[in-house]
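Below: one structure, written as structure tokens.
Small disclaimer: the values here were computed from a predicted structure and weren't measured. Keep in mind that the numbers below use all heavy atoms, side chains included, and drop hydrogens, waters and symmetry copies. The sequence lines fix the lettering, A, B, ..., with proteins before strands; numbering per chain opens at 1.
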Amino acid sequence: MTLRLYDTATRSVRPLAPLQAGQVGVYVCGPTVQAPPHVGHLRSAVALDVLHRWLLASGFMVTFVRNVTDVDDKILHDAAHTAEPWWALATRTTRAFHRAYDAVQVLPPTGEPRVTGSIASITALIERIISRGHAYASGGDVYLAVRTAPGYGQLSGQDPDQLRASDKAVAHGHTGTKRDPLDFALWKAAKPGEPSWSSPWGPGRPGWHIECSAMAVDHLGESFDIHAGGIDLVFPHHENEVAQSRAAGHGFAQHWLHHGLVTVAGGAEKMSKSLGNGTLVDDVLTEVRPQVLRYVLGAGHYRSPLEWSPAAVADGEAAYGRIETFVRNATDAVGDQPVDEALAKASWEEFAAALDDDLSVPQALAAVHSAVRVGNALLAAGEPPALAATLSVVRRMLTVLALDPVGQWPSAAGGDLRGVVDTLVALAVEARADARAAKDWVRADALRDRLTAAGIVLEDIVVDGVAGVRWRLAGHDR
RNA sequence: GGCCGGGUGGCCGAGUGGUUUAGGCAAGGGCCUGCAAAGCCCUGUACGCGGGUUCGAUUCCCGCCCCGGCCUCCA
């Protein structure tokens with residue numbers, strides 16, 4: 001079984017065919033660090049993290065590059081309205097993105113280039129494009145001559161003759177020195193008060209698209225395997241990247257992977273910092289556990305739109321809670337088993353086949369849930385060897401999705417207070433056991449009710465024929 | 001207006017030219033339990049509308065309706 005992925009360029013699912021056997025290079029259009037991340041940004045990171053982790057789990061050596069766009073119109077615009085320098089805003093926001101990624105266990109990229117650190121590569125690339133006759137300098141700006149780019153519009157399915165310069169571009173005066181309204185800026189002449197870098201065309205800064213072409217080639221070579229990003233970037237961003245990279249004579253990306261967006265308010269519109277309706281990650285994390293957030297953002301198919309709502313969070317909490325409960329109960333029964341790759345082969349193969357089929361996480365989770373159901377039955381039947389095998393494969397599957405409840409997530413239960421609480425609960429449990437032994441149900445239930453009111457749930461269980469009691473925290477601190 | 005993607009049972013969300021038609025949540029019934037909690041079992045027959053192709057379509061084709069994305073600086 002080999003990994004098959006949807007390719008936007010061909011509008012079909014096709015096998016991933018690495019340029020070099022055993023190695024995969026991935027370039028991801030990372031955030032423009034203008035404002036703190038919302039859950040839409042995180043959905044992007046989680047979806048592509050599944051790709052990253054599945055490539056690693058499949059045995060590939062992965063070079064995963066995700067850039068940071070740390071200088072652009074919006075950053076400059078926002079900074080201009082405060083006392084904060086643009087670079088301070090970009091740095092502060094970059095840290096916020098890193099915190100958000102870390103919170104939901106997104107693997108760090110192999111490389112994380114910044115635009116401001118890539119200016120030399122960018123100007124060199126622009127010079128190369130000019131020398132090949134596909135770009136021209138004009139009044140301190142440099143534009144790509146779109147009409148000279150063969151196949152322009154192929155990636156996004158746009159017909160150049162149908163495209164027309166938008167009113168927005170006209171309003172911004174971006175058509176002023178262009179030869180053709182479709183041409184887009186590779187280099188923008190400095191305006192008063194804006195940061196600039198020296199170049200053969202005078203002081204200025206990169207246009208929007210050129211930085212990705214330059215950074216991708218810097219880190220992955222002139223041709224590389226996968227270029228990924230949000231579906232909203234297909235046009236113009238990725239279309240323009242292809243155009244300028246091919247104009248430079250580069251093969252560029254072999255496979256284009258785009259994920260769907262997060263919507264709010266009944267799917268009415270995507271989240272966007274431009275619209276100001278983003279749900280900020282920091283705010284969400286005050287109410288939603290990070291592992292549940294990861295589950296909610298990662299549970300759907302990466303290409304489907306994802307609706308963000310309280311109901312979606314509640315669904316995720318319930319579904320993930322079921323998995324957590326199984327792992328906790330099974331671990332109590334058989335101990336913290338190391339993952340045994342030879343066991344529970346069928347579940348793993350079902351899981352792997354799902355991810356190989358265009359990263360079908362929904363089907364992969366169905367395999368997880370099926371295994372959990374089998375495991376719960378084994379738990380009830382008291383069959384430790386088979387249970388250990390099932391627990392092992394469940395945790396192995398969850399590890400690929402970064403959703404193993406054990407170990408990798410911070411405990412919300414208060415860390416070092418856990419032992420103290422355990423002792424205090426044990427006191428109450430003993431008192432209740434005495435009451436139950438005396439069939440004093442009123443007193444037994446009163447004791448349990450007081451614990452319930454404190455957020456502690458008791459579960460009467462039977463282990464190897466012996467009655468016992470286990471406790472857990474309710475709700476968020478499960 | 002142009003280009004994409006989508007409309008699946010109470011909800012979320014996979015999938016498929018027919019046959020045993022994911023998974024989760026919610027609902028009803030049962031088992032277990034002193035009562036709970038956790039768990040297990042059973043039940044529910046869905047594919048926007050209208051045509052067409054076919055022995056047979058939710059799945060393919062055409063048209064329509066509705067929703068979402070993009071059309072130069074959004075992941």
Side-chain angles (χ1 to χ4, degrees), chain A residues 8 11 28-32 34 37-38 40-45 47-48 69 72-74 153 156-159 161-166 168-170 172 174-175 181-185 188 207-209 228-237 239-240 258-263 266-275 278 299-301 303-305 307 309 311-312 314-320 322-323 325-326 328-329 350 354 360-370 372-373 375-377 379-381 436 439 441 444-445 448-449 452 457-462 469-472 474:
Chain A
T8 304
R11 308 200 183 285
V28 175
C29 283
T32 297
Q34 170 211 9
H38 54 60
H41 294 114
L42 216 46
R43 192 265 169 109
S44 172
L48 299 176
T69 299
D72 95 317
D73 287 354
K74 288 190 167 185
S156 59
Q158 298 290 333
D159 177 355
D161 292 328
Q162 297 285 350
L163 292 168
R164 55 180 198 276
S166 75
K168 211 190 285 184
V170 174
H172 282 79
H174 289 169
T175 58
L182 288 184
D183 294 350
F184 58 90
K188 305 169 86 156
W208 177 31
H209 317 292
I231 190 78
D232 54 343
L233 293 180
V234 175
F235 190 90
H237 186 53
E239 190 71 60
N240 289 356
H258 292 101
H259 64 259
L261 306 178
V262 175
T263 60
E269 57 191 16
K270 70 167 178 170
M271 307 193 64
S272 163
K273 55 195 172 193
S274 311
L275 295 172
H301 190 98
R303 285 196 281 123
S304 299
E307 186 180 333
S309 67
D315 273 8
E317 176 67 53
Y320 187 64
R322 181 178 158 77
I323 292 170
T325 298
F326 167 70
R328 174 172 50 79
N329 292 350
E350 185 185 346
S360 184
V361 173
Q363 289 185 90
L365 283 174
V368 172
H369 277 108
S370 295
V372 165
R373 187 165 3 86
N376 275 323
L379 190 59
R436 295 181 74 203
K439 300 211 186 298
W441 307 126
D445 288 352
R448 186 175 61 195
D449 288 347
T452 303
V457 180
L458 295 190
E459 297 176 5
D460 293 329
I461 56 170
V462 177
V469 180
R470 140 178 99 205
W471 70 272
R472 63 180 167 84

### A:W441: side-chain hydrogen bond (donor to acceptor under 3.5 Å, both in side chains) partners, not counting sequence neighbours
none
### Query
With sequence neighbours left out, what residues match A:R43 under salt bridge (charged side-chain N to carboxylate O under 4.0 Å, His left out)?
none
#### Entry: Those residues that, when tested against A:H369, pass ring-ring contact (aromatic ring centres under 6.0 Å, His included) (two or more places apart)
none
### Task
Report the relative orientation of the aromatic rings in A:H237 and A:H209; use parallel for angles under 30°, tilted for 30 to 60°, perpendicular for over 60°.
tilted
### Query
A:H259: what forms a ring-ring contact (aromatic ring centres under 6.0 Å, His included) with it, not counting sequence neighbours?
none
### Query
Distance between the C1' atoms of B:rA27 and B:rC66, in whole angstroms?
29 Å
#### Entry: Distance in Å, A:L233 CG paired with A:N240 CG, rounded so as to fall on 0.5 Å steps
11.5 Å
### Summary
Residues at least two apart in sequence or cross-chain that pass side-chain hydrogen bond (donor to acceptor under 3.5 Å, both in side chains) with A:R373, listed by chain then number, are none
### Message
Measuring only the P atom in each nucleotide, how far is B:rG24 from B:rC64? A whole number of Å is fine.
### Response
40 Å
### Query
Are any of A:H369's side-chain N or O atoms less than 4.0 Å away from OP1 or OP2 of B:rG23?
no
### Task
Mind checking side-chain hydrogen bond (donor to acceptor under 3.5 Å, both in side chains) for A:N329 and listing every partner two or more places apart, or none if nothing turns up?
A:R470
## Note on the structure
Rounded to whole Å, the CZ-C1' distance (A:R303 to B:rG6) equals 11 Å
Which atoms of nucleotides 46-48 of chain B (N or O only) lie under 3.5 Å from a protein N or O atom, and what are those distances?
none

### Query
For A:L458, which contact category applies under a 4.0 Å heavy-atom criterion: base, sugar-phosphate, or nothing?
base
### Task
Could you work out the separation of B:rU19 and B:rC65 based on their P atoms and round it to a whole Å?
33 Å
### Summary
Given Watson-Crick and G-U pairs under 3.5 Å, RNA chain B in dot-bracket ([ ] crossing, | other strand) is (((((((..(((.....[....))).(((((.......)))))....(((((..]....))))))))))))....
### Summary
A:F326 meets the ring-ring contact (aromatic ring centres under 6.0 Å, His included) criterion, sequence neighbours left out, with none
### Query
Who pairs with A:S309 by side chain to side chain contact (heavy atoms under 4.5 Å, CB included), at least two apart in sequence or on another chain?
A:E307, A:A311, A:A312
Can you check nucleotides 8-16 of chain B for protein contacts, nitrogen or oxygen pairs under 3.5 Å, and list what you find?
unit_1	atom_1	unit_2	atom_2	d
B:rA14	OP1	A:H301	N	3.2
B:rA14	OP1	A:S304	OG	3.1

### Task
For B:rC42 and B:rC47, measure between their C1' atoms and round to the nearest Å.
24 Å
### Message
Just to verify, what does A:Q363 make a side-chain hydrogen bond (donor to acceptor under 3.5 Å, both in side chains) with, not counting sequence neighbours?
### Response
A:S360
